[in-house]
Amino acid sequence: MSEKQSTVFVVDDDTSIRKGLNRLLKSTGYEVEAFASAEEFLASEISSDGPACLVLDVQMPGLSGLNLQEKLVSRDYSRPIIFITGHGDIPTSVKAMKKGAVEFLTKPFDDSKLLDAVQEALQKDSQTRTVLSEQEDIRQRLATLTPREHEILTHVIAGLLNKQIAYVLKISEKTVKVHRGRVMEKTGVESLAELVRCTEKAGVKPVEVSI
Amino acid sequence: MQKEREEQLHQVDDNLPNGMIYRLVHNPEGGRSFVYASEGCERLFHVTPESIKKDASLLYNMASPEDRQRVANLEMQSIETLSPFNYEVPLNIPNGEVRWYKWNSKPKHLADGSLVWDGVCLDITDLKQTEEALRKAHDKLERRVEERTAQLSETINKLRKTESRYRTVANFAYDWEWWEDPDGTFNYISPSCERITGYRIEEFDDDPKLLNQIILPEDRDIWVNHRQEVTKENKFREIQFRLLKKNGEICWIEHACQPVIDDQGRFLGIRASNRDITERKRLETESQQLRSELAHLDRVTTMGAMTAAIAHEINQPLTAILSNAQAALRFLRHDQPDLQEVEEALEDIVEDDKRAAEVIRRLRKMLKGQEPLYETFDLNAAIEEVLKLANSEIVLKDVSVKTDLNSHIPMLYGDYIQIQQVIINLLINALDALKDQPKAARHVLLSTRVEGKDGVTFAITDSGPGINPDRIETIFDPFYTMKPQGTGLGLPISRSIIEAHEGHLRAENHPDGGARFMFWLPIRKESDHR
């Protein structure tokens, strides 16, 4: 039932197309929000908790679909994009796909093609959102570490033993042990392997040391 | 008795101041003599009666030899036929004068068998002089009359020559000329009428309705209106109409006429000249045909170049139709079909189908019809329609197109499709001129405005690099093109279309940069067209 909250944003300057896509997507239970131009979409408050994707027309007056894609990428907006176009030329589609488009459909297209693409895009978005929420969770937990604890962490995930860490940081092995215990407690992990995986997701880099 | 008779004669003689009574006797042996001559002899001839009684030759010798012979002949005649012996003769009398005398006598035979003439001789010199004076006066008069007659005939000859010169000019005039009297009858018709119409001068003279009858029924209103205007206003006017020749062919006539008014302002009728312009019309039609064919070729080429855009324009509604139809199917397959949605989907399908059909209709209109079709049209509507047709082209080329159309421009008369073709050509040129401009700087403005009382101007301005000033005229030359796929005919055809509408098309660079193409069209009505 999670699909009920799925939203598809449609951006096309052609009213007929907007109405048609709106109706088709609604018939399969998606929420649809349609926009007549890229500018209109950018100006709107893009907020949706559930999974979402974009269906973008390539050729539009003003900002084209591809321009909008570039703008969104630069803003770290990660919703998957499906392009629709009247002129499916290969260079344009390659360019779009390279930048992460899910699908590039040439009008007119069969409903299954679009709906498959939308489903794929929404799945992708769900996954992304899961990863992102995990990352966010870890990031929040990592944020509770003290500078010393963070320092110990970067050494721990670099694979150093407590003894080696104590030597490098010129502190007692016991102190290292205490900090390490707190790091494990605060991040909520139960093994070193888990800790390494979490910090990797959160983008925490291990310290580079040579002993 | 003798005495008494002589006394009577004497008295008669006294009462004849200019006369003489005489008896002349013819001698059987020859010659003649006066047996009696009254006293008047002295007064008349300055010789005594006695002397001429003695010698008649005294008198006879006063006459010239020719007169003597003449008188002798008359005498012989009188003797032979006993006819009166009458004559007039001039005599040279002794005082040196020459005087005229009239002799009247009758012959008779006396008892002795001799022949005598009793007669009267009168001095008729005065009478003769009067006669002479009269004769002279008469002669003089005759001469004067002759002189005047000669003068008159010379004048008449001159007039005849002048008239014949004008008539010759008129008769040899290639055009069909006529002069109508105020009552409408023909005063003059030039012989060219036969060459042009096949009808002879007499046929027009005999039947005043002939002219009206041979004008084609479709053109008769033009003629009737024209006639009303000519008589209303004293102005030179020109019209064109067709008429049916005697041999059944159709002939185009250019008719020009003007009322003739003399110095006193009197209306003397209407003077008209008619030119056979059938050949000119044929050439015009032919060149119009050729222009139309070229224009058609250009339209086909333009539409060909716009294929992608037009396909897109049809593809859009087709895509919407497919989506709506499939959505409707899905709504129907729901456990509780949403018929409201299905109905709306079907309504949208109908609209989108109409939209696609409209694109095809516009395209077909552009592609068909080589025949020029003149009609009354709205220039702004023509522009709006062109923008719809080129919508995808505009989106594809990523150009911002704006319009500034004056809603008060009057309706025009012309070939709607050809005018649209000009607008498309200029629009496509403008879009092409912008291809190397950054996206934000690609602007085209189409505008219309009323130009004075008699025309409308259309202008299309782009924000491109403008036209090389050296080439601002050569761009209208055929086959001049800067586009690899262009025919180079778009601008020359556009110009010829506008000129065929009696307008003009020109190009200039806008002061703020970019090129501007403008055409001006006169405001014409259907009725002005011929």
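When reading the values below, keep in mind they use all heavy atoms of this one structure, side chains included, and skip hydrogens, waters and symmetry mates. Lettering follows sequence order; numbering is per chain, from 1.
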More than 12 heavy atoms from other groups under 6.0 Å of CD on A:Gln135: yes
Would you say A:Asp111's side chain and B:Ser323's backbone share a donor-acceptor pair under 3.5 angstrom? no
Say you draw a straight line from CG of B:Asp352 to CD1 of A:Ile17; how long is it, rounded to the nearest 0.5 Å? 8.0 Å
Which atoms of A:Leu63 approach chain B - backbone, side chain, both or neither, heavy atom under 4.5 Å: neither
Heavy-atom neighbours of A:Lys26 NZ exceed 12 at 6.0 Å: no
Which residues in residues 326-338 of chain B have a heavy atom less than 4.5 Å from any heavy atom of chain A? B:Gln326, B:Ala327, B:Arg330, B:Phe331, B:His334
Could you grab the distance from atom NZ of A:Lys107 to atom CG of B:Leu322, nearest 0.5 Å is fine? 12.5 Å
For A:Pro108 and B:Asn315, which heavy atoms make the closest approach, and how far apart are they? CD-OD1, 2.9 Å
How many angstroms lie between CG in B:Asn324 and CG in A:Asn22, if you round to the nearest 0.5 Å? 9.5 Å
Just how far is it from atom OG of A:Ser16 to atom CZ of B:Arg355, taken to the nearest 0.5 Å? 4.5 Å
Interatomic distance, CG@A:Leu114 vs OG1@B:Thr319, rounded to 0.5 Å, equals 11.0 Å
So, the part of A:Asp110 with a heavy atom under 4.5 Å from chain B: the answer is both
Portion of B:Glu344 that has a non-hydrogen atom of chain A nearer than 4.5 angstrom: both
Please output the residues of residues 437-447 of chain B in contact with chain A, using a heavy-atom cutoff of under 4.5 Å, in numerical order. B:Lys439
Kindly give the heavy-atom pair with the smallest separation between A:Asp14 and B:Gln316, and that separation in Å. OD2-NE2, 3.0 Å
More than 12 heavy atoms of other residues, nucleotides or ligands under 6.0 Å from NZ of B:Lys397: is that the case? yes
Looking at B:Asp348 and A:Arg23, is there a salt bridge between them, counting it only when a charged N and a carboxylate O are closer than 4.0 Å? yes
A:Thr15, part contacting chain B, at a heavy-atom distance under 4.5 Å: neither
